[in-house]
Amino acid sequence: MQDKTKAVHSGYDKDSQATMAVPIYQTTAYEFRDAKHAANLFELKELGNIYTRLMNPTTDVFEKRFASLENGAAAIATSSGMAAIFNTIANVAEAGDNIICASKLYGGTVTLTGHTIKRFGIEARYFDVHKPQELEELIDEKTKLILFESITNPSIDVPDFDAIIMIADKHGILTAVDNTVATPIHCKPLDLGCDIVMHSTSKYTTGQGLAIGGIVVERQNLVEKIKGNSRYYHFNEPDASYHGLVYTDVPLPIFSLRMRLALLRDLGATPSPFNSWLFIQGLEHLPLRMKQHSTSALEIANFLEKHPRVKKVNYPGLQSNVNYPYAQKYIHGGCSGLLSFEVGSFKEAVKIVDKTALFSLVVNIGDSKSIITHPASTTHQQLTAKELDAAGVPSGLIRLSVGLEDSIDLIADLTQALEA
Ligand code: PLP
């Protein structure tokens, strides 16, 4: 089935009322038929609803639809993109372990990996996604995850997927890719050989800046990489917190199963059914919107590249961009709506940001309304100068999230804002 069809149909068998729209199951809990039924659900002898912190029928449609768009086996929706990333790390790593991350990442992921998980005893090491030999040198027996973004925010790089996956597979290490910017419409990391895909669904999935959410999708047959793999002993040994369940013995997608049974249960980063419903609405037109976001972004990137005040434009759809060959190989049908460009200084960047009228000054991306951000004074403000450099965020960098307005009007707005 093609993406446009999956986006409107996958995961929903019309309920007893035959509603065309997916119903919102706004409930905390579900009545068991009897004590036996309740016990069976808890023992996984039967699958069904227990409590909305663990599962919900509206969220279930969203998870199934997203998994289908990513060509994955199963998905777990979370309360935010950051929760999706943290739960992914927590599903594989514990105190004493390390994960290896791309040096250029979304600012929240930089602080999560560089600071917060450190306090849980998990070390993050960083590598350049175009220098896979750096990655191999960082791997040891305690490495549990290789984490990167398919199109980085805000530096807009596309990684060397094949080289990274080859090294990860050689060492039996799971790869997790944040596919928020590319979306499953432009990139399918699981088809490229990655193991896990993570998203902030607060962005292109909702498409109109309506709700915070996240999702984690696992690939088909992931059990093959985990079963008997000593790095992932906690999937292979009895889970004392779940009556001795051995995840690799269960004939279900096990990464998601453990995330649901152990992490949603204990950490509770679950989306509200209403937000899941909003994400379902967004998914229905995601393929159409991404096409338009990408077309307009390329037009704007071409305009900026010729502008005398602009030092550099980062957009992998530009032939002049170092990421162009990687984008040609791994990103399809457009390069999404996110681009960044560099002007002379922090001061100049702030002036331009203040002068735009159609672009709203907002720390978000993936909205139908165009957005302008100055990362050094906002999303990346907490980073040290060294961290800013490593994240590919010079102080004169401006990020644009190109919306669904007419690109003629957007270019006119940028033209007046760039006037000295
Ligand atoms: N990943 C990327 C690439 C992002 O851009 C963001 C937020 O901007 C996140 C993750 C975090 O998502 P959320 O704000 O939904 O927690």
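For ligands, and for the atoms within them, numbers begin at 1 and follow the listed sequence.
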_Between Asp195 and Thr175, do the side chains contain a donor N or O and an acceptor N or O under 3.5 Å apart?_
yes

*Val343 versus Glu348, closest heavy-atom pair with distance*: CB-OE1, 3.8 Å

Per-pair distances, ligand 1 N/O vs protein N/O, less than 3.5 Å:
| residue | atom | partner | partner atom | Å |
| --- | --- | --- | --- | --- |
| ligand 1 | 1 (N) | Asp178 | OD2 | 2.6 |
| ligand 1 | 5 (O) | Asn153 | ND2 | 2.8 |
| ligand 1 | 8 (O) | Lys203 | NZ | 2.9 |
| ligand 1 | 12 (O) | Ser200 | OG | 3.1 |
| ligand 1 | 15 (O) | Gly81 | N | 2.9 |
| ligand 1 | 15 (O) | Ser200 | OG | 2.8 |
| ligand 1 | 15 (O) | Ser202 | OG | 2.5 |
| ligand 1 | 16 (O) | Gly81 | N | 3.1 |
| ligand 1 | 16 (O) | Met82 | N | 2.9 |

*Determine whether the side chains of Ser377 and His374 contain a donor N or O and an acceptor N or O closer than 3.5 Å.*
yes

*Between Tyr330 and Phe161, what is the ring plane arrangement, given parallel below 30°, perpendicular above 60°, and tilted in between?*
tilted

*Stepwise, does the side-chain hydrogen bond (donor to acceptor under 3.5 Å, both in side chains) test hold for Asn364 with Lys203?*
CA-CA 7 Å; Asn364 193 20; Lys203 316 296 173 190; 2.9 Å; yes

_For the student: nearest non-hydrogen atoms of Tyr106 and Glu149, plus distance_ = N-OE2, 2.7 Å

